[in-house]
Asks: 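Below is a structure I'd like to ask you about.
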Amino acid sequence: MKTLLAIALLSGILCLIPEAAGLLELHPAAGWDGALVWRAAGCHLVHFTGAHWFYDMAAMVILGLWLTEREVWRTLAIAVPVVALTVVAGAPELAVYRGLSGLDCALFAAAALKLLLGGSRMERWVAGIALTGFLLKTGWELSTGTTVFAGSGTLFEVVPLAHIAGAAAGFAAIGLKKWNFRRIVGKFRMQPINAKQDGIL
């Protein structure tokens, strides 16, 4: 939670500095230029409006309640580059990308998968319904080119591709923890043969 509160505070401060957005926002239309190195990380911290920041920040802090600090770090470490690079590669027509929504979706997916794998029966039901709703919503947005919650009066373009990329990163963050390579190898490791127990003798 400390990490997410620090990110929320930093992004809130950047909202008060008009010049920050121009320095940190992502320009997918510019392609793979040198500025991509810092913009891939910085674009998540800048927003178009104060309301944009507030909703992104609130969602992030709430979702963080279901994750440990280590899970938050792992999720963000994967999501920060994955979301930015996916937007650059998949939406080259987009002029500007800003906001925490891609990271919010990563935290959401991580929390949902965590509850599906280890939560109570009620938690698994709630997580499954929420995750299904998210996938249906985002899939519909991608296929139709329209958004569910952002109307025509929105001052910025919602990018469903960033949300899908964030969710994939969140799944990976929890999946890598739950099914890490060492555990997978351990399941298939050859065990010593017990002749009597295995009916050989």
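Since we're looking at a predicted model, the values are computed, not measured.
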Asks: Supply the atom-to-atom distance C15 SG to F48 CZ, rounded to the nearest 0.5 angstrom.
Replies: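 The distance works out to 11.5 Å.
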
Asks: Where do L161 and T138 land on the side chain to side chain contact (heavy atoms under 4.5 Å, CB included) test, with the steps shown first?
Replies: CA-CA 8 Å; L161 182 63; T138 311; over 6 Å; no

Asks: Would you please classify the geometry between the F134 ring and the F108 ring as parallel, tilted or perpendicular, with 30° and 60° separating the classes?
Replies: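 Tilted, since the angle between the ring planes falls between 30° and 60°.
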
Asks: Evaluate the side chain to side chain contact (heavy atoms under 4.5 Å, CB included) criterion for residues V46 and S11: first the C-alpha distance (whole Å), next the side-chain angles of each, then the deciding distance (0.1 Å), finally the verdict.
Replies: CA-CA 6 Å; V46 291; S11 61; over 6 Å; no

Asks: Could you walk me through whether V83 and Y97 pass the side chain to side chain contact (heavy atoms under 4.5 Å, CB included) check?
Replies: CA-CA 10 Å; V83 170; Y97 176 79; 3.7 Å; yes

Asks: Could you pull out the closest heavy-atom pair between H52 and G99, with the gap in Å?
Replies: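 Shortest heavy-atom contact: CE1-CA, 4.0 Å.
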
Asks: Could you state the interatomic distance from CD1 (I174) to CG (L116), rounded to the nearest 0.5 Å?
Replies: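 Going from the CD1 atom of I174 to the CG atom of L116 covers 11.0 Å.
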
Asks: Kindly work out whether a path of hydrophobic side-chain contacts (I/L/V/M/F/W/Y, heavy atoms less than 4.5 Å apart) joins L131 to L117.
Replies: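 L131 clusters together with L117.
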
Asks: Closest heavy-atom contact between A169 and A79?
Replies: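 So the minimum-distance heavy-atom pair works out to CB-CA, 3.6 Å.
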
Asks: Quick one: pull up CE in M60 and CG in L5 and give me the separation to the nearest 0.5 Å.
Replies: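 The CG atom of L5 is 7.5 Å from CE of M60, to the nearest 0.5 Å.
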
Asks: Hey, does the side chain of W53 reach the backbone of A8 with a donor-acceptor pair shorter than 3.5 angstrom?
Replies: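 Side chain of W53 to backbone of A8: a pair is present.
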
Asks: Looking at CD1 of I62 and CE of M57, how far apart are the two atoms once the value is rounded to the nearest 0.5 Å?
Replies: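 I62 CD1 to M57 CE: 9.0 Å, rounded to 0.5 Å.
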
Asks: Which atom names give the shortest non-hydrogen contact between A109 and A167, and what distance separates them?
Replies: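 Smallest heavy-atom distance, with atoms named: CB-O, 3.3 Å.
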
Asks: From T86 OG1 over to I164 CD1, what is the distance, rounded to the nearest 0.5 angstrom?
Replies: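 That separation rounds to 10.5 Å.
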
Asks: Just so I know, are the side chains of L4 and L107 near enough to count as touching, which here means a heavy-atom distance under 4.5 Å?
Replies: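 With C-beta onward as the side chain, the pair touches.
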
Asks: Are any of the side-chain heavy atoms of L36 and L85 separated by less than 4.5 Å?
Replies: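 They are in side-chain contact.
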
Asks: For the residue pair A77 and P81, what are the closest heavy atoms and their distance?
Replies: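 It is O-CD, 3.3 Å.
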
Asks: Identify the heavy atoms of L63 and A111 that sit nearest to each other, and give their distance.
Replies: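 That closest heavy-atom pairing would be O-CB, 4.4 Å.
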
Asks: Is there a donor-acceptor pair closer than 3.5 Å between any side-chain N or O of E71 and the backbone N or O of A110?
Replies: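 Looks like no, no N/O pair under 3.5 Å.
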
Asks: Flag the pair T68 / V72 as yes when at least one side-chain heavy-atom distance between them is below 4.5 Å, and no otherwise.
Replies: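 Result no, sub-4.5 Å side-chain heavy-atom pair not found.
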
Asks: The test is side chain to side chain contact (heavy atoms under 4.5 Å, CB included); show your working for L26 and R98 and say whether it passes.
Replies: CA-CA 7 Å; L26 189 65; R98 304 178 191 172; over 6 Å; no

Asks: Before accepting this row, confirm whether a basic side-chain N of the pair E25/R39 lies closer than 4.0 Å to the acidic partner's carboxylate O.
Replies: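 No, no charged N to carboxylate O under 4.0 Å.
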
Asks: Are V82 and V87 linked, directly or through other ILVMFWY residues, by side chains that come within less than 4.5 angstrom of each other?
Replies: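 No, V82 and V87 fall in different hydrophobic clusters.
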
Asks: In terms of hydrophobic clustering (I, L, V, M, F, W, Y; side-chain heavy atoms under 4.5 Å; direct or indirect links), are L24 and V159 co-clustered?
Replies: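 In one cluster with L24: V159, no.
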
Asks: Kindly give the heavy-atom pair with the smallest separation between L100 and D56, and that separation in Å.
Replies: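 So the minimum-distance heavy-atom pair works out to N-OD2, 2.9 Å.
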
Asks: Taking atom NE2 of H163 and atom CD of E141, what is their separation to the nearest 0.5 Å?
Replies: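 Going from the NE2 atom of H163 to the CD atom of E141 covers 7.5 Å.
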
Asks: Do the side chains of L76 and L67 join up, straight or via other hydrophobic residues, at under 4.5 Å, putting them in one cluster?
Replies: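 In one cluster with L76: L67, yes.
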
Asks: Count I, L, V, M, F, W, Y as connected when their side-chain heavy atoms are under 4.5 Å apart, and connections chain through other members. Are I129 and V126 then in the same cluster?
Replies: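 In one cluster: no.
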
